[in-house]
Amino acid sequence: MDLWTSFGSLLGLFAFIQTIMPVEYALGRLGSSLFDYLSWYNYFEVHEIVGINSNDLYSWVQIYLSSTAFTSAQRATLCIPKNSKKTNYTLANSGKVCDKFKGANVWWQHISDEYRQSQISFWGERPDEKRYYTLQISKRDRDRVLQDYIDHITTQAKKLEFLNKEKQLYTNSRSQHNYEFNRKPWESVPFEHPSTFDTLALDTAKKQEILNDLQEFMRGKEFYHRVGRSWKRGYLLYGPPGTGKSSMIAAIANFTGYDVYDLELTEVKSNAELRKLLIHTTNKSIIVIEDIDCSVNLSDRAKRKKEKTTSEMPAKPKGEDEESRVTLSGLLNFTDGLWSCCGSERIIIFTTNHIDKLDPALLRSGRMDMHIFMSYCTFPAFKILAQNYLLISDHELFPQIEAIIDTAMMTPADVSEILIKKRDSVTEDPTEALEVLIEALKAAKDKPKAKEQGDFADGSEGVEATDMPQDEIKEEVGNSLADKRSAKQQTTSERIEKSSDGKSDCERGAASNQGEE
Ligand SMILES: Nc1ncnc2c1ncn2[C@@H]1O[C@H](COP(=O)(O)OP(=O)(O)OP(=O)(O)O)[C@@H](O)[C@H]1O
Ligand SMILES: [Mg+2]
């Protein structure tokens, strides 16, 4: 009787085991072990999911093979992802492709299996499909090439991913709703701004200086590591509206290939949220804060303090500063605090029409390494616009334009506007466009002198800046900042002359900021 009971229990146990590991499966394992033993080859599986985590190597293999799949695979799948222009090639299910590495032939096969219903998942939720690549490599070559081959795949895939990746433009606008529901603080669209350093109307020397700086930054991994600095660079673009600050950002993005994070500070509720946004940016990216003087109350603390004490107006309500949702110190921490090192190869760009309104702490070297003045349209800049819009590099009217352009103080945006409207796309004769431009330059030259007095922005704040006596300005924000302000009041031609002293805005900015500190 006992014997029957034990036999019954054994049968029960056997039936249970079969539900989780069927007999065919066990026999199959035995057969495949024998096959593996007798085969000339080793087989390695690279699964998409390992446990509950996605497997990076699977993605690298996929990217790496996508470059060879369409040339040599017999079966590939094609797809154009949403909002993308590029066709993606991947190995089709059971598709096979051969690759060569260090004289060894290797084969990759892509397998996509549905999970069997009877299989129990110990890991909770998982996808319905089990996808993996199988790498077939001869036993003879395995030890010699396998590790190097995997390293090669990873390096190549990273390069390919960067080259093929479409740049994204991220925004945090209306992020709160998004963040609460998707845990995604940034939304993105493909970045397609056509501005490049070729189309940017800027003096050649200044353009070259910026390009060199960017190039040095991009290859500076070892350097930044050696000197113990986090691998990031700050640019401050300042100048009147319509001088190309946003166009410059787009040109930098197109040159570096980095994603752009356009940070709308007014949408950020607190310093903690600012930090969260920073953590969610990727490496190789540009973080932009446009019109930083308008975003939050980041004006010069010393100046504000003095204004508060000397003003005859009733004192501002207590806690007004706290009303700014992001504080200056929060922003300073964002640019170079400990959290700013959570990624690498990042460029931070601030733009402003009013550099004199910014707190010197924000401008010091290390935070904003390069101060780039975007000036009114100069003659060299005009020549670039003429080349872009009218396809000419010289014309008999050029000398007339050269003679007045610096004193007219027109922005590149104004000049482009005339060239785009008046260009004769039928006969391609640029004469009329140039004549209209000359008239506009003459009219701008004879306009009231507000511009020359520093009112280059919008007719209000600039006047306020120039109304202050120079010595008072110096007392408040330091000599260097006052120098910057008076530099801003110079005409474009004066600035160009000044730049011939061999010093860049960057060097001047850095030197002056050290003084401020
Ligand atoms: N330096 C420039 N080179 C080429 N085009 C320019 C330049 N500056 C302005 N433009 C033209 O004028 C338009 C406006 O320029 P942009 O938006 O870059 O100016 P901005 O300095 O960012 O102005 P704002 O301070 O108002 O934001 C651009 O779309 C471009 O066509
Ligand atoms: Mg702009």
Side-chain angles (χ1 to χ4, degrees), residues 169 171 173 191-211 235-255 260-266 286-295 298 347-358 370-393 401 405-406 408-423 433 437 440-441 444 451 454-462 465 488 492 495-496 499 505:
L169 173 64
T171 176
S173 288
F191 180 85
E192 286 171 351
H193 200 298
S195 173
T196 64
F197 276 95
D198 288 334
T199 62
L200 204 61
L202 201 64
D203 292 352
T204 321
K206 197 185 267 184
K207 200 185 274 189
Q208 199 51 51
E209 189 188 349
I210 299 164
L211 276 170
Y235 296 111
L236 174 79
L237 309 182
Y238 68 100
T243 48
K245 297 180 291 300
S246 303
S247 310
M248 165 77 87
I249 294 169
I252 292 177
N254 285 326
F255 179 75
V260 178
Y261 288 85
D262 187 9
L263 180 61
E264 185 53 67
L265 265 190
T266 50
I286 302 171
I287 301 170
V288 176
I289 304 181
E290 290 239 55
D291 299 316
I292 188 152
D293 51 303
C294 308
S295 304
L298 299 174
I347 295 174
I348 298 178
I349 304 181
F350 292 163
T351 74
T352 180
N353 297 141
H354 306 278
I355 192 173
D356 51 318
K357 282 191 170 183
L358 301 183
M370 201 169 181
H371 297 181
I372 302 166
F373 175 66
M374 302 298 288
S375 66
Y376 288 111
C377 196
T378 61
F379 184 65
F382 157 74
K383 282 176 80 176
I384 295 170
L385 292 176
Q387 181 67 55
N388 292 345
Y389 287 84
L390 307 175
L391 305 174
I392 52 169
S393 54
I401 293 172
I405 197 163
D406 286 343
M409 301 178 85
M410 272 176 81
T411 62
D414 296 333
V415 174
S416 337
E417 216 34 45
I418 292 171
L419 299 185
I420 202 167
K421 271 195 200 139
K422 294 294 167 191
R423 96 204 136 102
L437 177 64
L441 288 170
K451 275 179 179 175
D455 182 22
F456 65 46
D458 52 22
S460 53
E461 290 90 338
K488 204 172 70 176
T492 313
R495 281 195 69 79
I496 297 163
S499 69
D505 275 339

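In each ligand, atom 1 is the first atom listed, and ligand 1 is the first ligand listed. One is the number of the first residue; the rest follow in order along the sequence.
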(request) Please write down residue, atom name and distance for the protein heavy atom closest to atom 19 (O) of ligand 1. (result) Gly244 N, 3.4 Å

(request) Around atom 14 (C) of ligand 1, find the nearest protein heavy atom and jot down its residue, atom name and distance. (result) Ala413 CB, 4.2 Å

(message) I need the atoms of ligand 1 closer than 4.0 Å to a non-hydrogen atom of Leu200, numbered in the order shown.
(response) 3 (N)

(message) Contact between Pro194 and Thr199 at the side-chain level, heavy atoms closer than 4.5 Å - yes or no?
(response) no

(message) Any nitrogen or oxygen of Ser416 lying under 3.5 Å from a nitrogen or oxygen in ligand 1? Just yes or no.
(response) no

(request) Identify the protein heavy atom lying closest to atom 5 (N) of ligand 1, giving its residue, its atom name and the separation to 0.1 Å. (result) Leu385 CD2, 4.1 Å

(message) Evaluate Asp291 for polar contact with ligand 1, using N/O atom pairs at a separation under 3.5 Å.
(response) no

(request) Would you mind reporting whether Phe382 and Leu437 have side-chain heavy atoms less than 4.5 Å apart? (result) yes

(message) Let's go through His193 and Ile249 carefully: what are the C-alpha distance in whole Å and the side-chain angles of both, what is the deciding distance for side chain to side chain contact (heavy atoms under 4.5 Å, CB included) to 0.1 Å, and is it a yes or a no?
(response) CA-CA 10 Å; His193 200 298; Ile249 294 169; over 6 Å; no

(message) Between Ser246 and Glu290, do the side chains contain a donor N or O and an acceptor N or O under 3.5 Å apart?
(response) yes

(message) Among all the protein's non-hydrogen atoms, which is closest to atom 9 (C) of ligand 1, and how far away is it?
(response) Gly242 O, 3.3 Å

(message) By the definition side-chain contact (heavy atoms from CB on, under 4.5 Å), identify the one residue from Ile418, Asp414, Ile405 that meets it with Leu441.
(response) Ile405

(request) Answer yes or no for Thr243: is there a heavy-atom contact with ligand 1 below 4.0 Å? (result) yes

(request) Starting from atom 31 (O) of ligand 1, find the nearest protein heavy-atom neighbour and note its residue, name and distance. (result) Tyr389 OH, 3.9 Å

(request) Heavy-atom distances under 4.0 Å are what count here, so tell me which part of Thr199 touches ligand 1: side chain, backbone, both or neither. (result) backbone

(request) Taking Lys357 for its side chain and Thr352 for its backbone only, find out whether a donor-acceptor pair lies under 3.5 Å. (result) no

(message) Using a distance threshold of 2.8 Å, state whether an N, O or S atom of Thr351 lies below it from the Mg ion (ligand 2).
(response) no

(message) Assess, by modelled atom type and distance only, whether the side chains of Thr196 and Asn254 contain a donor and an acceptor separated by less than 3.5 Å.
(response) no

(request) Around atom 29 (O) of ligand 1, find the nearest protein heavy atom and jot down its residue, atom name and distance. (result) Ser247 OG, 4.4 Å

(message) Using a 4.0 Å cutoff against the non-hydrogen atoms of Lys245, which atoms of ligand 1 qualify?
(response) 18 (O), 19 (O), 20 (P), 21 (O), 22 (O), 23 (O), 24 (P), 25 (O)

(request) Look at atom 17 (O) of ligand 1 and say which protein heavy atom is nearest, naming residue and atom and giving the distance to 0.1 Å. (result) Ser246 CB, 3.8 Å

(request) List the closest protein heavy-atom neighbour of atom 6 (C) of ligand 1: residue, atom name, distance to the nearest 0.1 Å. (result) Pro412 CB, 4.0 Å

(request) With heavy atoms of Pro241 as the reference, note each atom of ligand 1 found under 4.0 Å away. (result) 23 (O), 24 (P), 25 (O), 26 (O)

(message) Geometry only, no angles: is Gly239 polar-contacting ligand 1 at N/O separations under 3.5 Å?
(response) no

